[in-house]
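The structure appears below as structure tokens.
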Amino acid sequence: MAKFTTTDDVTIDYNIYGQGQSVILVAGYSGNQATWTAQTDVLVANGLQVITYDRRNHGKSDTVNYGMRLSRHGKDLAELILVLQLKKPILLGHSMGASTIWAYLSLYGDNNIRAVITEDQVPVMLRDVNWPFGIFNADISTVVPAIEKLPHTKLTRLKISTEIKSALSQAYQPFDFQINAPLLLNSAIQDWRDVVAREQVPHLFLAGGASPLWSADHAKFASKMAPYGQYHVFADVGHIPHIEAPDDFNQVVLNFIDTL
């Protein structure tokens, strides 16, 4: 376990496992590093260096009442990469962790990134005439009730293994949904489609076939927007494939990395 302090004085908790090509795993809203418990050892065993961290206000990192926006989370990721002096890491983000990656790419580009993997997250969370995949089918007029519904929605569809449940329980850290509500609203109104269209690195879009948030078709749709996009859908899986179907998830990720 290690820590670094951001330029706006937030202490971020992170861990490094193994050696080799670096892969940064970015957890979603309210999640912490333990969410990747079924990925870390497998990726390390396949010759990768795995880096996990808790975004500000998540897990063991500082909880503060500022920086409640994706741009700041993207900068935090950039500062982690700088502190660790990483050269072309692979970025893998689940849900808001994927949006954090897009925020990073929007600010810093992908010159120092090897590839991107986003898991069941859309580049724009509200539907419009060109994008039919709004969260709970919401558009800009219904964004507030949609995000208020999210913390009360069961995100998984498959039974989670006893081992993963135990790891998550042991690593439990309180998360204040009320304090972080502005972050969720900020995430909901972002539009990263222009960022996706400008990517110059391979990008694997992953989706849960039974996600309660949006149709899994979003992955195919988004992959066509990215110059080097591809996609995979995990059938009958909810919003968190890496927890619900870890073996399948790990193999798909490793197969993608093997092609780089």
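Just so it is clear, the model here is predicted, and its values are computed rather than measured.
Taking CD of Gln21 as the start and CD1 of Ile90 as the end, the distance is 4.0 Å to the nearest 0.5 Å. Gln121 contributes atom CD, which lies 8.0 Å from atom NE2 of His94 (distance to the nearest 0.5 angstrom). Here the straight-line distance linking atom CE of Met68 with atom CG of Asn57 works out to 4.5 Å at 0.5 Å rounding. Atoms CG and OH, on Asp110 and Tyr104 in that order, are 8.5 Å from each other to the nearest 0.5 Å. Going from atom CG of Leu82 over to atom CG of Asn112 covers 9.5 Å, rounded to the nearest 0.5 Å. Taken from CG in Asn180 to CG in Leu185, the straight-line distance is 12.5 Å, to the nearest 0.5 Å.
Taking Asp76 as the reference, Arg56, Arg72 meet the salt bridge (Lys or Arg N to Asp or Glu O under 4.0 Å) condition, with sequence neighbours excluded. In this structure Asp13 satisfies the salt bridge (Lys or Arg N to Asp or Glu O under 4.0 Å) test together with Lys3, sequence neighbours excluded. Considering only residues two or more places apart in sequence or on other chains, His239 meets the side chain to side chain donor-acceptor pair (under 3.5 Å) condition with Ser95, Asp120.
Val26 and Met96 fall within a single hydrophobic cluster, where Ile, Leu, Val, Met, Phe, Trp and Tyr are joined by side-chain heavy atoms under 4.5 Å apart, directly or via other members. Under the 4.5 Å side-chain heavy-atom criterion for ILVMFWY residues, a single connected hydrophobic cluster contains both Leu91 and Tyr29. The hydrophobic cluster containing Val233 also contains Val116, counting ILVMFWY residues as joined when their side-chain heavy atoms lie under 4.5 angstrom apart, directly or transitively. Put simply, Ile101 and Leu204 are part of two different groups of oily side chains (I, L, V, M, F, W, Y) that touch within less than 4.5 Å, one to the next. The cluster map of Ile, Leu, Val, Met, Phe, Trp and Tyr, joined by side-chain heavy atoms under 4.5 Å apart, puts Tyr231 and Leu206 in different clusters.
Every pair tested for salt bridge (Lys or Arg N to Asp or Glu O under 4.0 Å) that includes a residue from residues 151-177 fails, sequence neighbours excluded, so the list is empty.
The two atoms that bring Gly109 and Ile113 nearest to each other are O-CG1, 4.4 Å, heavy atoms only. When all heavy atoms of Phe205 and Trp102 are compared, the pair lying nearest together is CE2-CZ2, 4.0 Å. In terms of heavy atoms, Thr156 sits closest to Ile160 at CG2-CD1, 4.1 Å. Between Ala226 and Glu199, the shortest heavy-atom contact is CB-OE1, 4.0 Å. Taking all atoms of both residues into account, the shortest heavy-atom contact from Val44 to Gly18 is CG1-CA, 3.9 Å. Smallest separation of non-hydrogen atoms from Ala219 and Ala207: CB-CB, 3.7 Å.
Side-chain contact check for Leu155 versus Leu150: some heavy-atom pair is nearer than 4.5 Å. Annotation: side chain of Val50 is not in contact with side chain of Ile24 (no heavy-atom distance under 4.5 Å). Counting heavy atoms from C-beta on, the side chains of Phe249 and Val237 never come closer than 4.5 Å. A heavy-atom distance below 4.5 Å is found between the side chains of Tyr228 and Gln200. For the pair Pro246 and Ile164, the minimum side-chain heavy-atom distance is below 4.5 Å.
Asp8 CG: more than 12 foreign heavy atoms inside a 6.0 Å radius. Annotation: Lys60, atom NZ; neighbour count of heavy atoms from other residues, nucleotides and ligands within 6.0 Å does not exceed 12.
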Fill in: Verdict with supporting geometry, Leu43 and Trp36, side-chain contact (heavy atoms from CB on, under 4.5 Å)
CA-CA 10 Å; Leu43 296 181; Trp36 304 110; over 6 Å; no

Practice prompt. Please report the C-alpha distance between Val122 and Phe221 in whole Å, then the side-chain angles of each, then the deciding distance to 0.1 Å, and finally whether the side-chain contact (heavy atoms from CB on, under 4.5 Å) criterion is met.
Written response: CA-CA 10 Å; Val122 291; Phe221 202 100; over 6 Å; no

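A side-chain donor-acceptor contact under 3.5 Å links Asn46 to the backbone of Val42. A donor-acceptor pair is defined here as one N or O able to donate and one able to accept, closer than 3.5 Å; no such pair exists between the side chain of Asp54 and the backbone of Asn32. Judged by distance alone, the side chain of Gln190 and the main-chain N or O of Ser99 form no donor-acceptor pair under 3.5 Å. In terms of modelled atom types and a separation under 3.5 Å, the side chain of Ser187 and the main chain of Leu184 share no donor-acceptor contact. With Glu244 contributing its side chain and Leu158 its backbone, the two residues share a donor-acceptor pair below 3.5 Å. Between the side chain of Asn186 and the backbone N or O of Leu70 there is at least one donor-acceptor pair closer than 3.5 Å. The backbone N or O of Ala34 lies less than 3.5 Å from no partner atom in the side chain of Thr37, so there is not a single donor-acceptor pair. Without hydrogens or angle criteria, Arg55 side chain to Ala27 main chain gives a donor-acceptor distance under 3.5 Å.
In this structure, a donor-acceptor pair under 3.5 Å is absent between the side chains of His242 and Gln39. Side chains of Gln49 and Ser22: a donor-acceptor N/O pair is present below 3.5 angstrom, by distance only.
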Check residues 130-138 and write down every donor-acceptor pair under 3.5 Å in which the side-chain atom is one partner and the other belongs to a residue at least two apart or another chain.
from, atom 1, to, atom 2, distance (Å)
Trp131, NE1, Val124, O, 2.9
Asn137, OD1, Arg127, NE, 3.3

Please set out all donor-acceptor pairs under 3.5 angstrom arising from side-chain atoms of residues 252-260, sequence neighbours excluded.
from, atom 1, to, atom 2, distance (Å)
Asn255, OD1, Gln251, NE2, 2.9
Asn255, ND2, Gln251, O, 3.3
Thr259, OG1, Phe256, O, 2.5

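Close placement of the Phe175 and His58 rings is indicated, their centers lying within 6.0 Å of each other.
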